[in-house]
Amino acid sequence: MESILVLTHVDETGSALTKASLEAVTAGMELAKQLSASLTIGIVGGDAGAANALASAGARLLAVSGEAFAQARYASDAAAAEALCRAAQSSIVLAPASSRFARVAAGVAYRLGGFLDTHITALTGAEAIEATRWFYRQRVEAVVSRDARPWFLLLDAGTHTAFAGESGAAQIEPVAVQLPEMRTTVGGFRTPSQGAQTIRPDAKLLLVAGAGWTKKQPDGQVHATEAGDLILGFLRLASASLGSSKSLVDQGGEGQPVLPFLTHLNQIGQTGATPRHAKGLSTCCHGEEPHVVGWRFIGDRRAISLDPNCGWTRGKADVVYIADAFQVIAKVNALLEAAKA
Ligand SMILES: Cc1cc2nc3c(=O)[nH]c(=O)nc-3n(C[C@H](O)[C@H](O)[C@H](O)COP(=O)(O)OP(=O)(O)OC[C@H]3O[C@@H](n4cnc5c(N)ncnc54)[C@H](O)[C@@H]3O)c2cc1C
């Protein structure tokens, strides 16, 4: 008989669980139902109060809390996860693939004598548990099952709906942790200011900028500054995340005009990221296969290109606008601005 533990942690506010943690809770609830297995949820954070959001989850709630667990740090996070696993004694451990848990999961699995699989996108099970993940840049989908227990599974974000049950005064069992000697002191976070942050995994819309934005336009001139203003304006007004083609982010190294806010972290595709957004809008990008393979999990795909023979028009997008992206985005920004006013 399987028993399931879902590991969760608080977000930067310290008072709520991260969205990815709440997605893992949904995955745990669904799997527990399918297997008729018991469900325990472990919470790591400075204050166990965040567990109140799980009051209606129908699970046993264990919490490791205290000052040392408010911040991400390998030694304290690994000790917390290990203590929760030992307290729950579960055969299956689900956790979100957040930077906080992805860093400690392999170490914790080793301490428990268990086995870890990562990048899990779906779980099913009646007799045996089957975990799904993608290989070879999302081209091959595999279904994995294992006899080893405890079996740790790190879930990719965006693959389950976030648990949103009614909050209440949850019954929480505190779990004590024997902390090892700490060599790392967390001094705080340094992040780019809100305006400069262009990668937003939780955004509904992905805007992709292609190399066309910095190429010579019909008037024979390059309009890189205008392109940057239009793109940043759109991101601000639509709260969108920014992706890029490889050609555009590579240009900087080749001395060509660049958009200063783009880095290789924005790159979508075979050698870039494969984000999950409900909608995507590609602009000034040709839609070649090594780029489009990164759009695998985008729900609704649209593109604006001057080229009626671009890859997008060859069956890779749901809607293609054969138009000048400078004009279209300027118009869309004006409409969004007017709608906000
Ligand atoms: C091994 C390998 C791995 C790769 N991995 C990746 C990857 O991970 N990600 C990736 O993106 N690429 C990758 N590539 C490169 C990929 O094949 C393409 O070269 C790249 O995606 C092209 O970028 P682009 O479409 O932005 O540029 P271009 O091919 O230069 O296309 C620019 C487009 O902009 C259009 N345009 C210009 N001005 C306007 C305007 N005003 N309005 C509308 N449209 C306009 C043009 O018509 C053109 O279609 C890889 C290639 C290889 C060989």
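Every value quoted in this text rests on a predicted model; they were computed, and no experiment measured them. Residue numbers run from 1 in the order of the sequence given. Counting starts at 1 for both ligands and their atoms, following the listed order.
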Give the atom numbers and elements of ligand 1 that come within less than 4.0 Å of a heavy atom of Ala323.
42 (N), 43 (C)
Check for me whether Gly311 has a heavy atom closer than 4.0 Å to any atom of ligand 1.
no
Ligand 1 versus Glu289, non-hydrogen atoms closer than 4.0 Å: side chain, backbone, both, neither?
neither
Check each atom of ligand 1 against the heavy atoms of Asp307 and keep those under 4.0 Å away; list them by number with element.
47 (O)
Going by the side-chain contact (heavy atoms from CB on, under 4.5 Å) test, name the single residue among Thr8, Val6, Leu7 that passes it with Ile43.
Thr8
Donor-acceptor pair, side chain of Ser241 and main chain of Ala203, under 3.5 angstrom
no
With sequence neighbours excluded, tell me which residues meet salt bridge (Lys or Arg N to Asp or Glu O under 4.0 Å) with Arg60.
Glu173
Within less than 4.0 angstrom of ligand 1, does Leu248 place any heavy atom?
no
Go through the side-chain N and O atoms of Thr271 and Gln267 and say whether any donor and acceptor fall under 3.5 Å apart.
yes
Heavy-atom distance from atom 7 (C) of ligand 1 to the protein below 4.0 Å?
yes
Can you sort out which atoms of ligand 1 are near Ser245, meaning under 4.0 Å from one of its heavy atoms?
11 (O), 23 (O), 24 (P), 26 (O)
Provide the closest heavy-atom pair for Ile304 versus Asp324 in the form atom of the first, atom of the second, distance.
CG2-C, 4.4 Å
Please list the nearest protein heavy atom to atom 42 (N) of ligand 1 with its residue and the distance rounded to 0.1 Å.
Ala325 N, 2.8 Å
Ile268-ligand 1 polar pair, N/O distance under 3.5 Å:
yes
Hey, is Asp77 close enough to Arg100 for a salt bridge, meaning N to O under 4.0 Å?
yes
Expected output: side-chain Thr132 to main-chain Val143 donor-acceptor under 3.5 Å:
no
Which atoms from ligand 1 have a heavy atom of His286 less than 4.0 Å away?
24 (P), 25 (O), 29 (O), 31 (O), 33 (C), 48 (C), 49 (O)
To the nearest 0.1 Å, how far is atom 12 (N) of ligand 1 from its closest protein heavy atom, and which atom is that?
Lys246 CB, 3.2 Å
Report yes or no: does Arg149 contribute a side-chain atom to a donor-acceptor pair with the main-chain N or O of Arg146 at less than 3.5 Å?
yes
Does atom 46 (C) of ligand 1 have any protein heavy atom closer than 4.0 Å?
no
Would Thr283 and Trp213 count as having a side-chain donor-acceptor pair, cut-off 3.5 Å?
yes
Compute both the distance and the angle, then confirm whether Arg133 meets the cation-pi test with Phe135: under 6.0 Å from the six-membered ring centre, within 45 degrees of the axis.
yes
For Lys215, counting its heavy atoms only, list the atoms of ligand 1 lying under 4.0 Å from any of them.
30 (O)
Ligand-side contact atoms (ligand 1) for residue partner Gly272, heavy atom cut-off under 4.0 Å
8 (O)
Any heavy atom of Cys310 sitting closer than 4.0 Å to ligand 1?
no
Quick one: does atom 2 (C) of ligand 1 have a protein heavy atom under 4.0 Å from it?
no
Would you kindly specify which portion of Glu288 sits under 4.0 Å from ligand 1, judged on non-hydrogen atoms: side chain, backbone, both or neither?
side chain
Ring centroid separation for Trp312 and Tyr321, is it under 6.0 angstrom?
no
